[in-house]
Amino acid sequence: MDNQNFFQQVYEVVRLVPPGRVTSYGAIAKFLGAPGASRQVGWAMNGAGSLKPPVPAHRVVNRNGELSGKHFFTPPSLMEDLLNQEGITVVNDKIQNFKTHYWDPEVELL
DNA sequence: GCTGTGACTCTTC
DNA sequence: TGAAGAGCCACAG
């Protein structure tokens with residue numbers, strides 16, 4: 001699975017996230033074999049919007065279900081808007097019932 | 001080859 | 001219980 005770079009793997013996993021579901025940076029990092037590279041996952045999203053296939057970075061949130069990266073969207077409210085369109089309720093930049101919408105790659109993909 | 005950076009996570013006070 | 005600090009890994013310059 002290390003045929004591609006860590007970033008590319010992150011994009012792959014994020015694209016596999018089904019609509020109406022969200023995952024966390026740590027979950028992706030751990031799934032890729034780097035449980036401590038959670039920050040890298042978020043940083044990888046920096047170029048997510050520049051990729052050929054759009055990466056649903058709005059489906060990636062922190063461990064608390066907060067839209068920590070929403071400020072990086074254009075406009076920042078886009079992340080919250082996209083999640084709402086998928087049926088996810090976001091209040092105060094936080095996902096409601098995050099546990100219910102949580103999508104674990106190790107569980108769903110594995 | 002080394003240093004800096006980063007949309008996080010965990011442990012401790 | 002709540003908040004703060006340090007640690008971690010991987011990419012870019």
Side-chain angles (χ1 to χ4, degrees):
Chain A
M1 228 158 322
D2 34 65
N3 296 335
Q4 300 175 109
N5 293 343
F6 191 83
F7 274 42
Q8 191 63 44
Q9 294 184 56
V10 174
Y11 303 139
E12 289 282 322
V13 176
V14 176
R15 275 182 290 171
L16 288 172
V17 179
R21 296 273 183 261
V22 290
T23 187
S24 62
Y25 302 95
I28 297 173
K30 184 171 185 172
F31 178 71
L32 298 178
S38 44
R39 307 177 90 187
Q40 236 44 30
V41 178
W43 202 16
M45 301 279 102
N46 255 317
S50 301
L51 299 178
K52 292 98 98 5
V55 178
H58 61 274
R59 290 180 193 156
V60 186
V61 296
N62 64 3
R63 229 13 192 154
N64 295 320
E66 303 173 29
L67 310 188
S68 23
K70 76 158 220 168
H71 193 64
F72 281 51
F73 280 76
T74 44
S77 54
L78 179 63
M79 188 174 187
E80 177 181 331
D81 185 39
L82 291 170
L83 290 171
N84 272 286
Q85 289 186 40
E86 301 199 346
I88 300 176
T89 307
V90 179
V91 179
N92 289 341
D93 305 335
K94 224 178 293 184
I95 295 178
Q96 303 306 297
N97 306 319
F98 174 62
K99 221 166 43 179
T100 307
H101 293 300
Y102 185 71
W103 180 84
D104 194 339
E106 289 202 17
V107 177
E108 305 294 332
L109 296 180
L110 207 61

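Per chain, numbering begins at 1; letters A, B, ... match sequence-line order. The structure displayed is predicted, hence computed values, not measured ones.
Residue contacts for F7(A): at a heavy-atom cut-off of 4.0 Å it reaches the sugar-phosphate backbone alone, with no base atom in range. Counting non-hydrogen atoms under 4.0 angstrom, A44(A) reaches nothing in the nucleic acid.
Contacts between residues 77-110 of chain A and DNA chain B, defined by a heavy-atom separation below 4.0 Å, involve no residue at all. Of all the residues in residues 13-22 of chain A, not one reaches under 4.0 Å from DNA chain B with any non-hydrogen atom.
Under the 4.5 Å side-chain heavy-atom criterion for grouping Ile, Leu, Val, Met, Phe, Trp and Tyr, V60(A) is connected to V13(A) within one hydrophobic cluster. Under the 4.5 Å side-chain heavy-atom criterion for grouping Ile, Leu, Val, Met, Phe, Trp and Tyr, V14(A) is connected to F31(A) within one hydrophobic cluster.
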Tell me, for nucleotides 8-13 of chain B in 5' to 3' order, what letter each nucleotide earns: B for a base near a protein heavy atom under 4.0 Å, S for only sugar-phosphate near one, - for neither? BSS---
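A donor-acceptor pair is defined here as one N or O able to donate and one able to accept, closer than 3.5 Å; no such pair exists between the side chain of E108(A) and the backbone of E106(A). A distance-only check finds a donor-acceptor pair linking the side chain of R59(A) to the backbone of V17(A) [under 3.5 Å]. Counting only distance, with no hydrogens or angles, the side chain of Y102(A) and the backbone of G65(A) share no donor-acceptor pair below 3.5 Å. Side-chain atoms of N64(A) never come within 3.5 Å of backbone atoms of E66(A) as a donor-acceptor pair (strictly under, hydrogens ignored). At least one donor-acceptor pair under 3.5 Å links the side chain of H101(A) to the backbone N or O of G20(A). Of the possible donor and acceptor atoms, one in the side chain of T23(A) sits under 3.5 Å from a partner among the backbone N and O of W103(A).
If you take CD on E86(A) and CG on L82(A), they are separated by 7.0 Å, rounding to the nearest 0.5 Å. Between atom CZ of residue F98(A) and atom CG of residue N62(A) there is a gap of 7.0 Å, rounded to the nearest 0.5 Å. A distance of 10.5 Å separates CG in L109(A) from CD in E12(A), rounded to the nearest 0.5 Å.
Of the candidates dC9(C), dA7(B), dG4(B), the closest approach to any side-chain atom of N46(A) belongs to dA7(B).
Atoms CZ (F6(A)) and P (dC9(C)) sit 11 Å apart, rounded to a whole Å. Summarising the geometry, the separation between CD on Q9(A) and P on dA10(C) is reported as 10 Å, rounded to the nearest angstrom.
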